[in-house]
2 protein chains.
Amino acid sequence: MTELPPDLARMKDCSQCPIRHRAVCARCEPDELSRLEEIKYYRTFEAGQPILWAGDRMEFVASVVSGVAALTQTMEDGRRQMVGLLLPSDFAGRPGREIAKFDVTAVTKTTLCCFRRKPFEHLLETTPHVSQRLLEMALDELDAAREWMLLLGRKTAREKIASLLAIIARRASINGDTRGGNVEIDLPLTREAMSDYLGLTLETVSRQISALKKEGVIELQGKRRVMIPDMRTLMAEAGDDEDGGALL
Amino acid sequence: MTELPPDLARMKDCSQCPIRHRAVCARCEPDELSRLEEIKYYRTFEAGQPILWAGDRMEFVASVVSGVAALTQTMEDGRRQMVGLLLPSDFAGRPGREIAKFDVTAVTKTTLCCFRRKPFEHLLETTPHVSQRLLEMALDELDAAREWMLLLGRKTAREKIASLLAIIARRASINGDTRGGNVEIDLPLTREAMSDYLGLTLETVSRQISALKKEGVIELQGKRRVMIPDMRTLMAEAGDDEDGGALL
DNA sequence: CGATGATTTGAAGCTCTTCAATAAAGGTGG
DNA sequence: CCACCTTTATTGAAGAGCTTCAAATCATCG
């Protein structure tokens, strides 16, 4: 269930943490960090492992340190929709909530920086830097959710795929910048996870990826590595009006 | 553009406000309220009027006092998706953002309690009760957005309609409780607005409403008033596993 | 090398959309 | 108050896009 990688010991010290400046702790002063350090612990989940089921009691909230996790919702008959994709520095869990509302699953091997929920909630009330940062992150997520709603409600299968590739390219491209040509990304998601994200079947996902490949919009190296010769072409296929939502 | 109803003068005093205990000011102490009163002003918009266009400079954030407003996103070719439905006490606008990211439109005649943005942002940093409440509201909206994503991505047209009716019944039914039978609601939305909400065409909305009527799941009195003989039947049609998301 | 899981591809079917026409509801001015 | 016009809603028929079911291919791992 919980295997600590050998190098986690080093990370007791928040100042060495790779997500120190983007996570919920981003704005903390040294003394606030040390209060966080008191209630934190690391957990690692293998790809495919459940982190939390909807209905479970939530003992902790957490920051994703590395890896990718998914928030999903499942209907009685098995239809499934991803409703959150958690990348490093993203926050999981809702302060003030006892019972989880969504399933959380490790998509790739994932390490979480967990905070015991009750002490964290107390901390929210006493250290404004944490609650301010959490508000900011919640509003960012809300924006992302609204873009996602446009995708789910109005985009074609092809546009959905192009949008997802663009989103992943922007957040997780191998060389950070997504401006020029030759962006390369490692898809952290299986075809099935992509279909859960996009509200499609995995067959449709596969067909549309094949179509984009055939037309030269993307190139594949293996099933999971995607090369994007021209980001602008991909963005056009995504149907977004702006240059990638880079506006503030 | 902005006509003040005759009774707005009375509402200078926040303590008389109908949304006093649910809006962003819910947790404020009297002294905090008076700080809000200094930066607030009311504006009223007629049904159909734009409140803000995406790309506009945001001069204010606001609470919806009465009426219904919609957040929408539009693609170049005109495809449109609603991404937020703002009912009384809901908050509009994002502190920290200069430029609006979504269109905001009055669906019915709507009165807003506006706060000049810059002073409001300052207030957020200095009065924890406002920022705590705003965080709570943002997290609630995020939950709602995630339910909405399941609807958009995975539900059938029929389930979408039933879900929307159930959502409106829960939040705006004429007699507050949605337990027993004979819940009655006034649809604040046109068929077109419903289609924008649901990611459908307005024809499909109309057909599915007709179908639900024919099968006795709902009854219509005029086009806009809906009677729900048995809430449980409607919930079952909505495809939700729980009894209406009443869980915390 | 066989086995398991992931992915691709094919063919048929169904849901929802599109285009078109009709009907009902609201609003306005005579 | 009613004829007229505009907006909103309903209904029909044909077609497109995505899903479903099925089978084949590829990849990975013991």
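Every chain is numbered from 1, with letters handed out A, B, ... down the list of sequences.
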* Does the side chain of B:Lys160 come within less than 4.5 Å of B:Gln208's, by heavy atoms? -> no
* To do: Using only heavy-atom distances, decide whether a donor-acceptor pair under 3.5 angstrom links the side-chain of A:Arg207 to the base of D:dG17.
  => no
* To do: Take the protein atom CD1 of A:Ile161 and the nucleotide atom P of C:dT8, then report the distance between them rounded to whole Å.
  => 10 Å
* Would you indicate what B:Gly48 reaches in the nucleic acid, counting non-hydrogen atoms under 4.0 angstrom: base, sugar-phosphate, or nothing? => nothing
* Where each residue is assigned the nucleotide of DNA chain D containing its nearest heavy atom, which of A:Ala157 and A:Lys223 is assigned the position nearer the 5′ end? -> A:Ala157
* To do: Measure the shortest side-chain to side-chain distance between A:Met194 and A:Ile209 over non-hydrogen atoms and say whether it is less than 4.5 angstrom.
  => yes
* Asked: So, A:Thr111 and A:Thr44: side-chain donor and acceptor under 3.5 Å apart, yes or no?
  -> yes
* Describe the nucleic acid contact of B:Thr201 in one word from base, sugar-phosphate, nothing, applying a heavy-atom distance below 4.0 Å. => base
* To do: Would you kindly give the NZ-to-C1' distance between A:Lys160 and D:dC18, to the nearest whole Å?
  => 9 Å
* Touch check for A:Thr190, heavy atoms < 4.0 angstrom, all strands: base, sugar-phosphate only, or nothing? -> sugar-phosphate
* Distance in angstrom units between B:Lys213 NZ and C:dA24 C1', rounded -> 11 Å
* **A:Arg225 CZ - C:dT7 C1' separation (whole Å)** => 19 Å
* Asked: Say you draw a straight line from CD1 of B:Ile51 to CG of B:Leu112; how long is it, rounded to the nearest 0.5 Å?
  -> 5.0 Å
* To do: Have a look at A:Leu202 and say if it touches a base, only the backbone sugar-phosphate, or nothing, with a 4.0 Å heavy-atom cut-off.
  => base
* Look at all strands and tell whether B:Arg79 reaches a base, only sugar-phosphate, or nothing, counting heavy atoms closer than 4.0 Å. => nothing
* Once you round it to whole Å, what is the distance between P of C:dT8 and CG of A:Leu212? -> 12 Å
* Check every strand shown and say whether A:Ser210 touches a base, only sugar-phosphate, or nothing at a heavy-atom separation below 4.0 Å. => sugar-phosphate
* **Separation of atom CZ in B:Arg191 from atom C1' in C:dA24, rounded to whole Å** => 12 Å
* To do: Grab the CD-C1' distance between A:Gln208 and D:dG17 for me, whole Å please.
  => 9 Å
* Relative to the 5' end of DNA chain C, which residue comes earlier, A:Leu220 or A:Arg154, by the nucleotide with the nearest heavy atom? -> A:Leu220
* To do: Indicate, yes or no, whether a donor-acceptor pair under 3.5 Å links the base of D:dC21 to the side chain of A:Glu203.
  => yes
* To do: Would you mind reading off the distance between A:Met194 atom CE and C:dA6 atom C1', rounded to a whole angstrom?
  => 13 Å
* Can you tell me if the side-chain N/O atoms of B:Arg224 get under 4.0 Å from OP1 or OP2 in D:dA9? -> yes
* Is the distance from OP1 or OP2 of D:dC18 to the nearest side-chain N or O of A:Arg158 less than 4.0 Å? -> no
* Asked: Can you check whether A:Leu198 reaches A:Glu159 side chain to side chain, under 4.5 Å on heavy atoms?
  -> no
